[in-house]
J.: 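First the structure, then my questions, so here it is.
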Amino acid sequence: MQKMAVLLSGSGRTLDNFHERIQDGTLRAEIQVVVSNVADALGLEKARKYGYPAFHAPDNEAINEILARYDIDLIALAGYLKLYIPPDHLRKNVLNIHPSLIPSFCGDGYYGHHVHEAVKARGCKVSGCTVHFANEVYDEGPIVVQKCVSLDDDDTPDDIAAKVFARECEAFPEAINLVDEKGVDYFWNRVKA
Ligand SMILES: Nc1nc2c(c(=O)[nH]1)N[C@@H](CN(C=O)c1ccc(C(=O)N[C@@H](CCC(=O)O)C(=O)O)cc1)CN2
Ligand SMILES: NCC(=O)N[C@@H]1O[C@H](COP(=O)([O-])[O-])[C@@H](O)[C@H]1O
């Protein structure tokens, strides 16, 4: 069972999915705390509604001061939109979900709708999502799970976003359960840099 901190910046749909799957017993995690860099993030309201400790913290130092109060195995970046630097003892324990098939359409500036607009502009026939461990730069840590979606020529960026998010809701819980089963080192050792 993963004792999890959740970081978010937005609407908290990823948190919704975690909560639903914890409740139905398919996600082997316990959310200890939810933190956002956005004071009025809808995701914080949702966290409080679910009964989780929920805090605003403007930067990495403030986030890590809050996390230090809890017993955390894993930090989930659930639509968190800033570069996160964890405390040293958790530097290999940060999972992020990105709404494309890394290494395509990722890195600085590629977040949220910007990703799907770029996929549409390139005329891609497939897209998807990637759950990966975070290292010190955006979207370059070891990949844990990827899931694909087929795109139709008349799909809009919103259509693409909806297809991808549906797969995210499968991928992130699957990745957390895999980390619980295999341990973080399996994934950091799987691909030699
Ligand atoms: N150490 C890491 N921190 C974070 C990672 C990561 O891989 N390693 N992933 C991001 C999430 N993300 C992609 O999955 C991502 C989020 C945001 C950006 C970005 O360009 N942000 C803008 C600011 C956006 C805003 O404030 O609205 C920026 O940095 O200028 C790129 C990728 C989470 N953290
Ligand atoms: N590059 C990071 C990124 O774009 N993350 C994306 O933000 C959304 C979070 O939505 P939510 O706040 O409603 O959970 C998710 O679609 C996630 O892939």
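Along the sequence shown, the residues carry numbers beginning at 1. First listed ligand is number 1; within each ligand, the first listed atom is number 1.
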J.: Side chain, backbone, both or neither: which applies to K82 and ligand 1 if a contact is any heavy-atom pair less than 4.0 Å apart?
T.: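 The answer is both.
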J.: With respect to T14, determine whether any N or O atom, backbone or side chain, lies less than 3.5 Å from an N or O atom of ligand 2.
T.: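 Right, the criterion is met.
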J.: Specify the protein heavy atom at minimum distance from atom 8 (C) of ligand 2: its residue, its atom name, and the distance to 0.1 Å.
T.: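 So the nearest neighbour among protein heavy atoms is R13 NH2, 4.0 Å.
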J.: Which value, rounded to the nearest 0.5 Å, describes the distance between N93 atom CG and M4 atom CE?
T.: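 Between N93 CG and M4 CE, I get 13.0 Å after rounding to 0.5 Å.
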J.: Taking the ring of H114 and the ring of F105, is the distance between their centroids below 6.0 Å?
T.: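 Centroid separation for F105 and H114: 6.0 Å or greater.
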J.: What protein heavy atom sits nearest atom 13 (O) of ligand 2, and how far off is it?
T.: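 Nearest protein contact, heavy atoms only, for atom 13 (O) of ligand 2 is S11 OG, 2.4 Å.
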J.: Does atom CG of D154 have more than 12 heavy-atom neighbours, drawn from other residues, nucleotides or ligands, at distances under 6.0 Å?
T.: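 Atom CG in D154 is crowded, with more than 12 foreign heavy atoms closer than 6.0 Å.
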J.: Would you call E45 and R48 a salt bridge, using N to O less than 4.0 angstrom?
T.: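 Salt bridge absent between E45 and R48.
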J.: Tell me which part of Y110 gets within contact of ligand 2: side chain, backbone, both or neither, using heavy atoms under 4.0 Å.
T.: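 For Y110, only backbone atoms sit under 4.0 Å from ligand 2.
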J.: Does at least one non-hydrogen atom of L7 fall below 4.0 angstrom from an atom of ligand 1?
T.: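 L7 does not count as a contact of ligand 1 under the 4.0 Å cut-off.
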J.: Going by distance only, is there an N or O of N96 that falls short of 3.5 Å from an N or O of ligand 2?
T.: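 Between N96 and ligand 2, no N or O pair is found under 3.5 Å apart.
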J.: Under a 3.5 Å threshold, yes or no: a donor from one side chain and an acceptor from the other, between H132 and T130?
T.: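 No, no side-chain donor-acceptor pair sits under 3.5 Å.
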J.: Could you tell me, atom by atom, which parts of ligand 2 come under 4.0 Å of a heavy atom of H98?
T.: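 Those atoms are 1 (N).
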J.: Provide, to 0.1 Å, the distance between atom 3 (N) of ligand 1 and the closest protein heavy atom, together with that atom's residue and name.
T.: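 Going by distance alone, atom 3 (N) of ligand 1 is nearest to Y84 N, 3.0 Å.
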J.: Could you tell me whether the side chains of Q2 and D180 share a donor-acceptor contact shorter than 3.5 Å?
T.: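 A donor-acceptor contact under 3.5 Å links the two side chains.
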J.: With the threshold set at 4.0 Å, does a side-chain nitrogen-carboxylate oxygen contact exist between R190 and D185?
T.: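 Salt bridge flag = no for D185 with R190.
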J.: Run the salt bridge (Lys or Arg N to Asp or Glu O under 4.0 Å) check on K120 and D155 step by step: do they pass?
T.: CA-CA 8 Å; K120 175 66 178 178; D155 277 341; over 6 Å; no
J.: Angle between ring planes, Y70 versus F55, binned at 30° and 60°: parallel, tilted or perpendicular?
T.: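 The arrangement is tilted - the two ring planes meet at 30° to 60°.
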J.: Given that the side chain starts at C-beta and the backbone is N, CA, C, O, which of these parts of Y138 lies under 4.0 Å from ligand 1, counting heavy atoms, or is it both or neither?
T.: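 Both backbone and side chain of Y138 come within 4.0 Å of ligand 1.
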J.: Backbone, side chain, both or neither: what part of N135 comes under 4.0 angstrom of ligand 1, heavy atoms only?
T.: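 Backbone only.
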J.: So, does E140 sit close enough to ligand 1 that a heavy atom of it is under 4.0 Å from the ligand?
T.: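 E140 does not count as a contact of ligand 1 under the 4.0 Å cut-off.
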J.: Test of understanding: clusters of I, L, V, M, F, W, Y form through side-chain heavy atoms closer than 4.5 Å, transitively. Do L7 and L95 belong to the same one?
T.: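 No; tracing contacts between hydrophobic side chains, which count when under 4.5 Å, never links both residues.
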J.: Taking the minimum heavy-atom distance to atom 3 (C) of ligand 2, which of P99, G79, C169 ranks first?
T.: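 When every heavy atom of P99, G79, C169 is considered, P99 comes closest to atom 3 (C) of ligand 2.
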J.: List the closest protein heavy-atom neighbour of atom 21 (N) of ligand 1: residue, atom name, distance to the nearest 0.1 Å.
T.: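 The answer is L81 O, 3.3 Å.
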J.: Can you find a non-hydrogen atom of G107 under 4.0 Å from ligand 1?
T.: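 Yes, that is the case, since the closest heavy atom of the residue is under 4.0 Å from the ligand.
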J.: To the nearest 0.1 Å, how far is atom 18 (O) of ligand 2 from its closest protein heavy atom, and which atom is that?
T.: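 Protein heavy atom at minimum distance: E168 OE1, 2.9 Å.
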J.: Examine the proximity of ligand 1 to N96 and report which part, side chain or backbone, both or neither, has a heavy atom under 4.0 Å away.
T.: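 Side chain only.
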J.: At a 4.0 Å threshold, what atoms of ligand 1 neighbour a non-hydrogen atom of Y80?
T.: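 Listed by number with element: 10 (C), 11 (C), 16 (C), 33 (C).
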J.: For atom 19 (C) of ligand 1, what is the nearest protein heavy atom, given as residue, atom name and distance?
T.: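 The answer is Y111 CD2, 3.4 Å.
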J.: Can you list the ligand 1 atoms lying under 4.0 Å from a non-hydrogen atom of A134?
T.: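 The list of qualifying atoms is 2 (C), 6 (C), 8 (N).
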J.: How about H113 and D158: does a side-chain donor come under 3.5 Å of a side-chain acceptor?
T.: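 There is such a pair (donor and acceptor under 3.5 Å, judged by atom type) between the side chains of H113 and D158.
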J.: Report, in ascending order of atom number, the atoms of ligand 2 lying under 4.0 Å from any heavy atom of G10.
T.: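 Result: 12 (O).
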J.: Specify whether F172 and F18 have parallel, tilted or perpendicular ring planes, treating 30° as the upper limit for parallel and 60° as the lower limit for perpendicular.
T.: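 If you compare the ring of F172 with that of F18, the planes turn out perpendicular.
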J.: For atom 32 (C) of ligand 1, what's the nearest protein heavy atom and its distance?
T.: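 Checked against all protein heavy atoms, atom 32 (C) of ligand 1 sits closest to Y110 O, 3.5 Å.
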J.: Among all protein heavy atoms, pick out the one at the shortest distance from atom 30 (O) of ligand 1; state its residue, atom name and that distance to 0.1 Å.
T.: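 Checking every protein heavy atom, the shortest distance to atom 30 (O) of ligand 1 gives D108 OD1, 3.9 Å.
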J.: Could you check which of V38, V131, N17, I97 puts a non-hydrogen atom nearest to atom 5 (N) of ligand 2?
T.: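 It is I97 whose heavy atom sits nearest to atom 5 (N) of ligand 2.
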J.: Over 60° means perpendicular and under 30° means parallel, so tell me whether Y52 and H19 are parallel, tilted or perpendicular.
T.: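 If you compare the ring of Y52 with that of H19, the planes turn out perpendicular.
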J.: Does the residue G12 have a heavy-atom contact with ligand 2, meaning some pair of atoms that are separated by less than 4.0 Å?
T.: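 The answer is yes, since G12 has a heavy atom less than 4.0 Å from ligand 2.
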J.: Say whether Y84 and N64, considering side chains only, have a donor N or O and an acceptor N or O under 3.5 Å apart.
T.: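 The answer is yes; a qualifying pair exists.
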J.: Going by the atom numbers of ligand 2, which of them fall below 4.0 Å from some non-hydrogen atom of G112?
T.: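 Going through ligand 2 atom by atom, the ones under 4.0 Å from G112 are 3 (C), 4 (O).
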J.: How about E181: does its CD atom have over 12 heavy atoms from other parts shown lying under 6.0 Å from it?
T.: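 Yes, CD of E181 has more than 12 neighbouring heavy atoms, counting only those of other groups under 6.0 Å.
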J.: Using a strict 4.0 Å cut-off to heavy atoms of Y111, name the atoms of ligand 2 that fall inside it.
T.: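 Checking each atom against Y111, I get 1 (N), 4 (O).
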J.: Any heavy atom of V137 closer to ligand 1 than 4.0 angstrom?
T.: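 The answer is yes, since V137 has a heavy atom less than 4.0 Å from ligand 1.
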J.: Provide, to 0.1 Å, the distance between atom 13 (C) of ligand 1 and the closest protein heavy atom, together with that atom's residue and name.
T.: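 Looking at atom 13 (C) of ligand 1, the protein heavy atom closest to it is D139 OD1, 3.0 Å.
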J.: Which residue and atom name correspond to the protein heavy atom nearest atom 20 (O) of ligand 1, and how close is it?
T.: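 Scanning the protein heavy atoms, the shortest distance from atom 20 (O) of ligand 1 goes to G109 N, 2.7 Å.
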J.: Any link between L90 and V6 through a network of hydrophobic side chains (Ile, Leu, Val, Met, Phe, Trp, Tyr) touching at under 4.5 Å?
T.: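 No, no single cluster joins them.
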J.: Are E136 and R91 close enough for a salt bridge, meaning some N to O gap below 4.0 Å?
T.: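 No.
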